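Order of appearance sets the numbers: ligands from 1, and atoms from 1 within every ligand. Because the structure is predicted, anything quoted here is derived from the model rather than measured.
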Amino acid sequence: MKKKILVLNGPNLNMLGIREPEIYGRKTYRDLVDRIEEHAKARGAFVTVCQSNSEAVLVTKIQRAYGIYDGIILNPAAYTHTSVALLDALKAVGIPAVEVHISDVSEREDFRQVSYVRLAAVRTIMGRGFDGYLDAMDVLLDEVLADNGGRK
Ligand code: DQA
């Protein structure tokens with residue numbers, strides 16, 4: 001059975017290519033979705049990629065993933081640093097989740113050093129640009145969801 005992965009992107013990630021290109025690069029959100037979909041196809045996985053500027057919508061999408069998706073890749077964007085609701089949603093559904101950030105948040109402002117969702121994430125990948133999403137998919141498929149107990 002193909003593994004089902006849900007990729008969720010938080011606020012302002014739809015502005016990729018326009019927003020702060022010196023931090024996030026010049027590639028667009030559409031470019032990101034294309035790369036994720038291509039990688040999923042190459043890896044034989046089923047993927048759904050979503051973006052929302054609303055915390056409530058993101059919480060609802062996590063809840064609706066229950067019983068359907070095997071893994072979640074989540075870039076909560078600014079909600080990373082504020083949202084207990086997203087943390088609780090991940091804990092509620094118990095679906096393995098990888099936290100992704102395009103930029104290296106560890107090198108940025110103090111207020112970005114807090115991540116609530118990290119408490120429920122199996123891994124955090126940051127500072128790898130768009131490749132971080134592909135790495136996250138590989139972590140889920142090869143380590144967390146692998147039928148061989150994580151051996152490669
Ligand atoms: C981000 C980092 C966050 O601090 C920021 O609020 C974002 C994007 C990243 O992908 O690097 O919107 O999650």
### Contacting atoms of ligand 1, where contact means under 4.0 angstrom from a heavy atom of His81
3 (C), 4 (O)
## Note on the structure
A student checking ligand 1 against Ile102 at a 4.0 Å heavy-atom cut-off should list atoms 9 (C), 10 (O), 11 (O)
### Task
Select one of side chain, backbone, both or neither to describe which atoms of His101 lie under 4.0 Å from any atom of ligand 1, heavy atoms only.
both
### Task
Record the part of Arg19 in heavy-atom contact with ligand 1 below 4.0 Å; permitted values are side chain, backbone, both and neither.
side chain
Sub-3.5 Å N/O-N/O distance, [X] and ligand 1:
X	answer
Val100	no
Thr80	no
Ala78	yes
Ser103	yes

Which residue owns the protein heavy atom closest to [atom], what's the atom, and how far is it?
atom	answer
atom 2 (C) of ligand 1	Val105 CG1, 3.6 Å
atom 5 (C) of ligand 1	Arg112 NH1, 3.3 Å
atom 7 (C) of ligand 1	Tyr24 OH, 3.5 Å

### Task
Could you tell me whether Lys61 atom NZ has more than 12 heavy atoms of other residues or ligands within 6.0 Å of it?
no
### Message
Run Leu6 and Cys50 through side-chain contact (heavy atoms from CB on, under 4.5 Å) and show every step you take.
### Response
CA-CA 8 Å; Leu6 176 64; Cys50 308; 4.1 Å; yes
#### Entry: Polar side chain donor-acceptor pair, Asn12 to Tyr24, under 3.5 angstrom
no
### Task
Quick one: list whatever passes salt bridge (Lys or Arg N to Asp or Glu O under 4.0 Å) with Lys4, sequence neighbours left out.
none
### Summary
Residues passing the salt bridge (Lys or Arg N to Asp or Glu O under 4.0 Å) test with Asp31, sequence neighbours excluded, are none
Contact with ligand 1 for [X], non-hydrogen, under 4.0 angstrom:
X	answer
Met126	no
Asn12	no
Gln113	no

### Query
Which of these passes salt bridge (charged side-chain N to carboxylate O under 4.0 Å, His left out) with Lys3: Asp147, Asp138, Asp70?
Asp147
#### Entry: Residues Asp104, Arg108: salt bridge by 4.0 Å N-O rule
no
### Message
Looking at Glu99 and Arg123, would you say the former's side chain and the latter's main chain have a donor-acceptor pair under 3.5 Å?
### Response
no
### Query
Nearest heavy-atom pair of Asn53 and Pro11: which atoms, and what distance?
OD1-CA, 3.3 Å
